[in-house]
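Presented below is the structure to which this report refers.
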Amino acid sequence: MDVQAHPDALTELRRLGVPLVPALAVGERAVHGWNPPAYAALLGVAYAPAAKLPPGELAQRLDRILECTQRLVRILPEPLLDWAPPERARPLCDLGYHVFRLALAFVDGMDLGEFPEGWLQERAPGDLRDGAALARYGDLVRARIAGWFEGVAPGEFERVIRVYYGPQSGHDLLERTTWHAAQHLRQLYVLVGRHDVTPLEPLPTDLFEGLPLPESLW
């Protein structure tokens, strides 16, 4: 359930001891965080997790997703960047910025050992209010991430990070970051299509293969 549309749901989760989403509640029991094995145990169903793509492959996918986002935001007319879709009150400028910021947050989280939710709630700063500026910011983000992956030791992906929705291994956090960025890229393609903006390339669906993307766009 979308807690933005149903604020009473978040109140109920907090009563059960869950401070933030994602979470799953059944009666008086709840599981906090993205934890499919615990969800399955709560529901009493069998669960066999799908194999995750290796970190190197996820890193390449994430970089290509960011590159596609750059190409898309670069061609958006400035008035369109202030438009927010009915599905969520987030202007396209902030959505484009969010894709880059969530990717950078992965590196920040790995460096600091914690990942607060506030990083994902940031809006595009005043100097990033047009498509060209957003794309340039994307260049900086991609360079920072590429440099981090060049120097990372394999064991880093086993390390547990304190993420706002629950403890996550570096590998799990990287997978979530990659499909999170992919999900927003899908949304951007749909949203700009409503305004007759034609992307320079088709949606790169090959980048989504093997990622646990939600079926719904929203």
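Numbers here are sequence positions counted from 1.
- The side-chain hydrogen bond (donor to acceptor under 3.5 Å, both in side chains) contacts involving residues 98-108 comprise His98-His180, His98-His184, Arg101-Asp108, Arg101-Glu122, Asp108-Arg144, where partners must be two or more places apart or lie in separate chains.
- At least one side-chain heavy atom of Leu134 sits under 4.5 Å from a side-chain heavy atom of Cys93.
- With sequence neighbours excluded, the residues forming a side-chain contact (heavy atoms from CB on, under 4.5 Å) with Glu201 are Cys68, Arg71, Tyr189, listed by chain and number.
- Contact detail for Thr198 and Ile75: the closest heavy-atom pair is O-CD1, 3.6 Å.
- Side-chain contact between Gln183 and Pro214 is present, with at least one heavy-atom pair separated by less than 4.5 Å.
- Cluster membership check: Leu217 shares its hydrophobic cluster with Leu213, using side-chain heavy-atom separations under 4.5 Å among Ile, Leu, Val, Met, Phe, Trp and Tyr.
- In this structure, Leu188 and Pro199 have side chains that are not in contact, with every pair of non-hydrogen atoms separated by 4.5 Å or more.
- A heavy-atom distance below 4.5 Å is found between the side chains of Phe208 and Leu203.
- Residues passing the side-chain contact (heavy atoms from CB on, under 4.5 Å) test with Pro79 are Pro77, sequence neighbours excluded.
- Separation of atoms CD (Glu57) and CG (Leu211) is listed at 8.5 Å; rounding is to 0.5 Å.
- Arg142 is linked by a side-chain hydrogen bond (donor to acceptor under 3.5 Å, both in side chains) to Asp63, Gln70, counting only residues two or more places apart in sequence or in another chain.
- Take Glu78 and apply the salt bridge (Lys or Arg N to Asp or Glu O under 4.0 Å) test, not counting sequence neighbours, and it matches no residue.
- Between Ala124 and Arg129, the shortest heavy-atom distance links the atoms O-NH1, 3.1 Å.
- The shortest side-chain heavy-atom distance between Pro212 and Trp179 falls under the 4.5 Å cut-off.
- Applying the ring pair (Phe, Tyr, Trp, His ring centres under 6.0 Å) test to pairs two or more places apart or on separate chains, those with a residue in residues 64-84 are Trp83-His195.
- Take Arg90 and apply the salt bridge (Lys or Arg N to Asp or Glu O under 4.0 Å) test, not counting sequence neighbours, and it matches no residue.
- Between Phe149 and Pro55, the shortest heavy-atom distance links the atoms CE2-O, 4.5 Å.
- At a threshold of 4.5 Å between non-hydrogen side-chain atoms, the residues Asp172 and Lys52 count as touching.
- Of all heavy-atom pairs spanning Gly109 and Phe115, the tightest one is CA-CD1, 4.5 Å.
- Rounding to the nearest 0.5 angstrom, the gap separating the CG atom in Leu62 from the CD atom in Glu67 is 12.0 Å.
- A distance of 8.5 Å separates CG in Leu120 from OH in Tyr165, rounded to the nearest 0.5 Å.
- Val160 and Val107 are assigned to two separate hydrophobic clusters, defined by single-linkage of ILVMFWY side chains at heavy-atom distances under 4.5 Å.
- Of the inter-residue distances, the one linking Leu76 atom CG with Leu191 atom CG reads 10.0 Å to the nearest 0.5 angstrom.
- Every residue two or more places apart in sequence or in another chain that forms a ring-ring contact (aromatic ring centres under 6.0 Å, His included) with Tyr137 is listed here: Tyr97.
- Between the CG atom of Leu58 and the OG1 atom of Thr177 there is a distance of 9.5 Å, given to the nearest 0.5 Å.
- In the hydrophobic clustering of ILVMFWY residues, with side-chain heavy atoms under 4.5 Å counting as a link, Leu112 and Ile161 come out together.
- Among residue pairs with one or both ends in residues 52-80, none qualify as ring pair (Phe, Tyr, Trp, His ring centres under 6.0 Å); sequence neighbours excluded.
- The salt bridge (Lys or Arg N to Asp or Glu O under 4.0 Å) analysis of residues 180-195, with sequence neighbours excluded, yields the pairs Glu87-Arg194.
- The distance from atom CG of Leu66 to atom CD1 of Ile145, rounded to the nearest 0.5 Å, is 5.5 Å.
- Ala135 and Val73 make their closest contact through N-CG2, 4.1 Å (heavy atoms, listed as atom of the first residue, atom of the second, distance).
- Following chains of ILVMFWY side-chain contacts shorter than 4.5 Å, one can reach Val190 starting from Leu81, so the two form part of one hydrophobic cluster.
- Taking the charged nitrogens against the carboxylate oxygens, Arg88 and Asp94 have no contact shorter than 4.0 Å, which rules out a salt bridge.
- The minimum heavy-atom distance linking Gly96 with Thr69 is given by the pair O-CG2, 4.5 Å.
- Partners of Asp206 by salt bridge (Lys or Arg N to Asp or Glu O under 4.0 Å), not counting sequence neighbours, listed by chain and number: Arg64.
- With a 4.5 Å cut-off on side-chain heavy atoms, Leu174 and Met110 do not count as touching.
- Taking the six-membered ring for Trp and the full ring otherwise, Trp148 and Phe106 have centroids separated by under 6.0 Å.
- Electrostatic pairing of Arg15 and Glu28 counts as a salt bridge here, judged by a charged N lying under 4.0 Å from a carboxylate O.
- Shown here are the side-chain hydrogen bond (donor to acceptor under 3.5 Å, both in side chains) partners of Glu156, two or more places apart in sequence or in another chain: Arg159.
- Side chains of Leu92 and Leu80 form a contact here, defined as non-hydrogen atoms less than 4.5 Å apart.
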